[in-house]
Amino acid sequence: MLGIERLLLNILFIILPIFLFQIFFAEKLFKAQKIWSTIIVGLFASATIILCMTFPFTFLPGYIYDMRTIPLIIATLYCGYKTGIGTLAVLLLYRYYIGGEGFYTTLYTYPIITIVALAYVPRFWRAAREKRETIAIWLAIFSASLVLFMTLLLLSEENKIEFKFVQFAFEYSLIQLGGIWIAVYLIENMRKSIMMQQEIQRAEKLYAMGELAASVAHEIRNPLTVVRGFLQLFGRQQISIEKQGDYIDIMLKEMNRAEEIISDYLTFARPHIEIRERIEAGEQIKQVAGVMTSYALLKNVEIYTEAEEHLFLELNRSKFSQCMINIMKNGVEAMPEGGTLTVRAARQDNKIVIQIIDTGKGMSKEEIKRLGNPFYSTKEKGTGLGLMVCYRIIEAWGGKVEVQSEKGKGTHFSIILPAVSDE
């Protein structure tokens with residue numbers, strides 16, 4: 001039983017460093033300089049060799065087994081000549097320290113194994129995963145055969161013809177092959193897992209960049225749509241000079257807002273302190289409604305506003321306008337055949353509730369649940385990003401959005417925000 005226990009202990013010595021490396025070092029070392037990988041792998045391999053040689057196992061009297069060959073081959077194949085030669089030096093020094101008749105067998109055998117393994121390193125790294133396992137197994141066969149050959153040379157004549165040496169040779173070769181296959185299989189799975197994680201991270205970054213770019217385009221489209229609406233009004237009908245001045249002022253404000261949006265997204269990745277100010281919700285809503293009027297008229301939609309006085313909020317004025325314009329624009333576009341968009345604001349206890357009600361085509365319960373998710377939109381060419389940004393902004397202010405809708409009967413958006421004192 002001692003042989004089985006020591007065999008399992010040697011297998012543990014082989015497997016444990018691989019798991020420790022994967023848990024604590026692998027992901028960091030994949031991004032670090034190669035020298036650190038070489039040092040860590042060399043230390044793990046050296047420790048494994050020492051432990052395997054300290055706790056050998058035996059199934060036949062006079063024949064001692066251990067798995068020192070496996071960490072030597074693994075370290076050489078995966079980290080090259082520096083780690084391979086360093087690990088070999090540790091193996092030879094520790095075998096010399098242990099002493100005994102087998103030292104010269106080790107001294108003659110293991111440098112040859114290391115040289116052959118080094119010769120296979122370029123081919124090993126060019127090969128696919130299955131081919132790497134094959135190369136490692138062939139090296140294990142070669143090393144086991146060489147060890148057995150050297151052992152046979154040193155045996156006395158009477159032991160050479162004993163059947164138990166054949167049994168020893170079979171068991172030793174089987175142990176080496178099984179051990180190195182397990183080690184390479186685990187290492188290749190670890191490498192595959194890390195590379196998949198890196199690919200996922202890269203894909204997530206690209207996805208985030210695409211989402212950000214689409215969001216920027218979507219947000220900038222809103223003020224440009226307003227400007228375009230006024231320009232179309234200029235072209236379609238005669239407008240008094242006074243109104244022209246008012247419209248030009250609105251267009252300039254919208255262009256400034258587009259510039260602010262671009263600035264916000266350029267600094268999106270950097271932490272910044274949001275500038276909040278005390279605003280009167282009713283006044284701000286009326287300003288936004290004025291901005292949206294030209295666009296609504298082009299869609300044959302009338303906008304009505306009803307707001308109580310002294311509805312004070314503490315938030316970012318530009319982002320509040322951005323949210324209102326997004327939701328109101330969605331309401332207008334939900335009425336392709338015309339209709340009415342009603343915007344109400346009132347106080348309820350310590351909250352201010354802003355209601356945006358359209359008489360459009362409405363939404364199903366499933367569609368309502370998916371609102372605020374990126375790239376979900378009920379519009380044919382919509383991205384869903386504008387509404388997603390609104391949801392995130394309102395949540396950051398401690399508010400929430402509630403939606404009620406019915407197919408063919410319109411949609412009722414409620415923006416609920418914490419009120420501040422009007423003192």
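Just so you know, residue 1 is the first one in the sequence shown, and it goes up from there.
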Practice task
Check for a donor-acceptor pair, side chain of Asn316 on one end and backbone N or O of Ser318 on the other, with a separation under 3.5 Å.
Solution key: yes

Exercise for the section: Using atom types as modelled and distance alone, determine if a side-chain donor or acceptor of Asn10 lies under 3.5 Å from a backbone N or O of Asp66. Expected result: no

Problem - Rounded distance (nearest 0.5 Å) linking atom CD1 of Ile74 with atom CG of Leu186 - result: 9.5 Å

Handout entry: Minimum heavy-atom distance between Leu148 and Ser173, given as atom pair plus value
Key = CD1-OG, 3.6 Å

Practice task
State whether the side chain of Glu280 and the backbone N or O of Leu311 hold a donor-acceptor pair below 3.5 Å, judged by distance alone.
Solution key: yes

Practice task
Check whether any side-chain heavy atom of Ile354 sits under 4.5 Å from a side-chain heavy atom of Ile352, and report yes or no.
Solution key: yes

Exercise for the section: Go through the side-chain N and O atoms of Gln232 and Tyr295 and say whether any donor and acceptor fall under 3.5 Å apart. Expected result: no

Fill in the blank from the handout: Note: Met328 and Val343 closest approach over all heavy atoms is CE-CG2, 4.0 Å

Practice task
Would you tell me whether Tyr304 and Glu302 have side-chain atoms, one donor and one acceptor, within less than 3.5 Å of each other?
Solution key: yes

Handout entry: Distance-only donor-acceptor check, side chains Tyr81 and Thr114, under 3.5 Å
Key = no

Practice task
Starting at CG of Leu88, measure out to CG of Leu92 and round the result to the nearest 0.5 Å.
Solution key: 4.5 Å

Handout entry: Trp181 side chain near Glu133 side chain, heavy-atom distance below 4.5 Å
Key = yes

Problem - Lys409, NZ atom: more than 12 neighbouring heavy atoms under 6.0 Å - result: no

Handout entry: Distance (rounded to the nearest 0.5 Å) between Leu12 CG and Phe19 CZ
Key = 10.0 Å

Problem - Ile141 and Trp138: CA distance, side-chain angles, deciding distance, side-chain contact (heavy atoms from CB on, under 4.5 Å) verdict - result: CA-CA 5 Å; Ile141 293 171; Trp138 277 111; 4.0 Å; yes

Practice task
Quick one: closest heavy-atom pair of Thr106 and Pro111, and the distance?
Solution key: O-CD, 3.7 Å

Fill in the blank from the handout: To the nearest 0.5 Å, atom CD1 of Ile11 lies from atom CG of Leu7 at 4.5 Å

Problem - Side-chain heavy-atom pair Ile49, Tyr94 within 4.5 angstrom cut-off - result: no

Practice task
Enter the distance from Leu297:CG to Met292:CE here, rounded to the nearest 0.5 Å.
Solution key: 10.5 Å

Handout entry: Shortest non-hydrogen contact from Arg132 toward Arg191
Key = NH1-NH1, 2.6 Å

Practice task
Examine distances only and state if a side-chain atom of Trp125 and a backbone atom of Leu77 form a donor-acceptor pair shorter than 3.5 Å.
Solution key: yes

Problem - Flag, side chain of Ser405 to backbone of Gly362, donor-acceptor distance under 3.5 Å - result: no

Practice task
For the residue pair Pro71 and Thr87, establish whether any side-chain heavy-atom pair is separated by less than 4.5 Å.
Solution key: no

Fill in the blank from the handout: Nearest heavy-atom contact between Leu341 and Gly331 is CD1-CA, 4.2 Å

Practice task
Check the pair Arg344, Glu306 against salt bridge (charged side-chain N to carboxylate O under 4.0 Å, His left out), reporting the backbone distance first and the verdict last.
Solution key: CA-CA 5 Å; Arg344 300 192 184 110; Glu306 302 172 12; 3.1 Å; yes

Practice task
For the residue pair Phe124 and Tyr78, categorise the inter-ring angle as parallel (less than 30°), tilted (30 to 60°) or perpendicular (more than 60°).
Solution key: perpendicular

Handout entry: Test: Arg317 and Glu277 ion pair at under 4.0 Å
Key = yes

Practice task
Identify whether the distance between the nearest side-chain nitrogen and carboxylate oxygen of Glu188 and Arg129 falls below 4.0 Å.
Solution key: no

Practice task
Show your reasoning for whether side-chain contact (heavy atoms from CB on, under 4.5 Å) applies to Tyr110 and Arg68.
Solution key: CA-CA 10 Å; Tyr110 284 90; Arg68 74 185 87 166; 3.5 Å; yes

Practice task
Would you indicate whether Tyr172, at its atom OH, is surrounded by more than 12 heavy atoms from other residues, nucleotides or ligands within a distance under 6.0 Å?
Solution key: yes

Practice task
Establish, from distance only, whether the side-chain atoms of Ser143 and Gln176 form a donor-acceptor pair under 3.5 Å.
Solution key: no

Handout entry: Any Ile279 side-chain heavy atom under 4.5 Å of Phe312 side chain
Key = no

Exercise for the section: Please lay out, stage by stage, how Leu224 and Met255 fare under the test side-chain contact (heavy atoms from CB on, under 4.5 Å). Expected result: CA-CA 7 Å; Leu224 291 181; Met255 294 307 294; 4.0 Å; yes

Exercise for the section: For the residue pair Ile415 and Met324, establish whether any side-chain heavy-atom pair is separated by less than 4.5 Å. Expected result: yes

Fill in the blank from the handout: CZ (Phe142) and OH (Tyr120) are apart, to the nearest 0.5 Å, by 9.0 Å

Handout entry: Ring geometry between Tyr247 and Phe230 (parallel below 30°, tilted from 30 to 60°, perpendicular above 60°)
Key = tilted

Problem - Atom of Gly399, atom of Leu417 and distance for their closest heavy-atom approach - result: CA-CD2, 4.0 Å

Problem - Crowding at CG, Asp349 (>12 non-hydrogen neighbours, <6.0 Å) - result: no

Exercise for the section: If the plane angle is over 60° it's perpendicular, under 30° parallel, otherwise tilted; pick one for Phe320 and Trp397. Expected result: tilted

Problem - Worked verdict on Gln284 versus Ser321 for side-chain hydrogen bond (donor to acceptor under 3.5 Å, both in side chains) - result: CA-CA 7 Å; Gln284 196 68 27; Ser321 297; 2.8 Å; yes

Practice task
Taking the side chain as every heavy atom from C-beta outward, state whether Glu308 and Arg347 have any pair of such atoms under 4.5 Å apart.
Solution key: yes

Handout entry: Non-hydrogen side-chain atoms of Lys407 and Lys361 separated by less than 4.5 Å
Key = no

Problem - Side-chain donor or acceptor of Glu367 paired with backbone N/O of Ser364 under 3.5 Å - result: yes

Exercise for the section: Evaluate side-chain contact (heavy atoms from CB on, under 4.5 Å) for Thr342 paired with Gln355, printing each intermediate quantity in order. Expected result: CA-CA 8 Å; Thr342 305; Gln355 299 173 327; over 6 Å; no

